[in-house]
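What you are looking at is a predicted structure, and each value in this text was computed from that prediction instead of being measured. Numbering of residues begins at 1 and proceeds along the displayed sequence.
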Amino acid sequence: MQIPDDYPDALIDELAPYGFEFNSVTETDDGEAVLFEAEPESFVRSHPGLGIEDSYGTHWPPACLDLWLKFDRHGDPVEISFEVFDLLAWAASVDPELHARLSTMDDPADHAVAVGEAMERVLEHEPAPADDYLE
């Protein structure tokens with residue numbers, strides 16, 4: 001199953017406010033992948049304190065910062081990652097309802113909105129709750 005043709009456009013609308021630009025939709029061995037990119041220097045200036053610059057060490061700045069959305073052959077989301085963030089894992093620990101929306105493409109328009117919501121919350125530094133064993 002391919003992702004719907006209008007899905008990248010819905011993502012563009014949701015991700016543009018955060019400095020992301022659409023790059024491509026590609027077929028992979030396991031399904032499809034959608035790539036968005038952000039210009040590193042301006043992104044870090046707009047969203048300081050995320051640890052992205054530090055994660056590159058002496059290799060900063062890269063050519064671009066990548067946001068990947070990967071889907072299996074059935075069209076189900078299997079990865080939503082941006083640099084140091086795994087948005088699916090983050091949402092699972094912070095907001096089960098948002099995680100459920102990110103984990104299905106039953107409603108592609110809502111999935112795009114959920115990606116935008118997750119990105120907004122991550123960029124606002126909303127931490128995942130500490131596990132009981134860490135307290």
### Message
Between Ile80 and Val115, is the side chain to side chain contact (heavy atoms under 4.5 Å, CB included) condition met? List the steps.
### Response
CA-CA 8 Å; Ile80 304 172; Val115 170; 4.3 Å; yes
Could you check whether any side-chain N or O of [X] sits under 3.5 Å from a backbone N or O of [Y], counting only pairs where one atom can act as donor and the other as acceptor?
X     : Y     : value
Thr28 : Asp30 : yes
Glu32 : Ile3  : yes
Arg73 : Asp29 : yes
Asp66 : Trp68 : no
Ser93 : Trp90 : yes

Is the shortest heavy-atom distance from the side chain of [X] to the side chain of [Y] under 4.5 Å?
X     : Y      : result
Glu27 : Gln2   : yes
Pro4  : Met105 : yes
Trp60 : Pro40  : yes
Phe71 : Val78  : no
Glu21 : Leu15  : no
Phe85 : Met119 : no
Leu67 : Glu37  : no

What's the spacing between [X] [atom1] and [Y] [atom2] if we round to 0.5 Å?
X     : Y     : atom1 : atom2 : result
Phe36 : Leu65 : CZ    : CG    : 14.5 Å
Glu79 : Asp72 : CD    : CG    : 12.5 Å
Ser81 : Asp86 : OG    : CG    : 7.0 Å

Shortest non-hydrogen contact between [X] and [Y], atoms and distance:
X     : Y      : value
Ser24 : Thr26  : OG-CG2, 3.8 Å
Val25 : Val34  : CG2-CG2, 4.1 Å
Leu88 : His99  : O-CD2, 3.0 Å
Cys64 : Glu83  : O-OE2, 4.3 Å
Ala91 : Leu102 : CB-CD1, 3.7 Å
Val84 : Gly51  : CG1-O, 4.3 Å

### Full working for ring-ring contact (aromatic ring centres under 6.0 Å, His included) between Phe43 and Phe82
CA-CA 12 Å; Phe43 189 89; Phe82 173 63; 5.2 Å; yes
### Message
With clusters defined by side-chain heavy atoms of hydrophobic residues (ILVMFWY) lying less than 4.5 Å apart, directly or transitively, does Leu35 cluster with Phe22?
### Response
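No; tracing contacts between hydrophobic side chains, which count when under 4.5 Å, never links both residues.
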### Query
Between the side chains of Tyr7 and His111, does any donor sit under 3.5 Å from an acceptor?
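Yes, His111 and Tyr7 have a side-chain donor paired with an acceptor closer than 3.5 Å.
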### Query
Sequence neighbours excluded, which residues qualify as side chain to side chain contact (heavy atoms under 4.5 Å, CB included) partners of Asp9?
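Asp9: side chain to side chain contact (heavy atoms under 4.5 Å, CB included) contacts with Ile12.
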### Query
Any chance CD of Glu41 has more than 12 other-residue heavy atoms, nucleotides or ligands included, within less than 6.0 Å?
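It does: Glu41 CD has more than 12 such atoms within range.
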### Task
Look at Arg121 together with Asp95 and state whether they make a salt bridge at an N to O cut-off of under 4.0 Å.
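Yes, Arg121 and Asp95 are salt-bridged.
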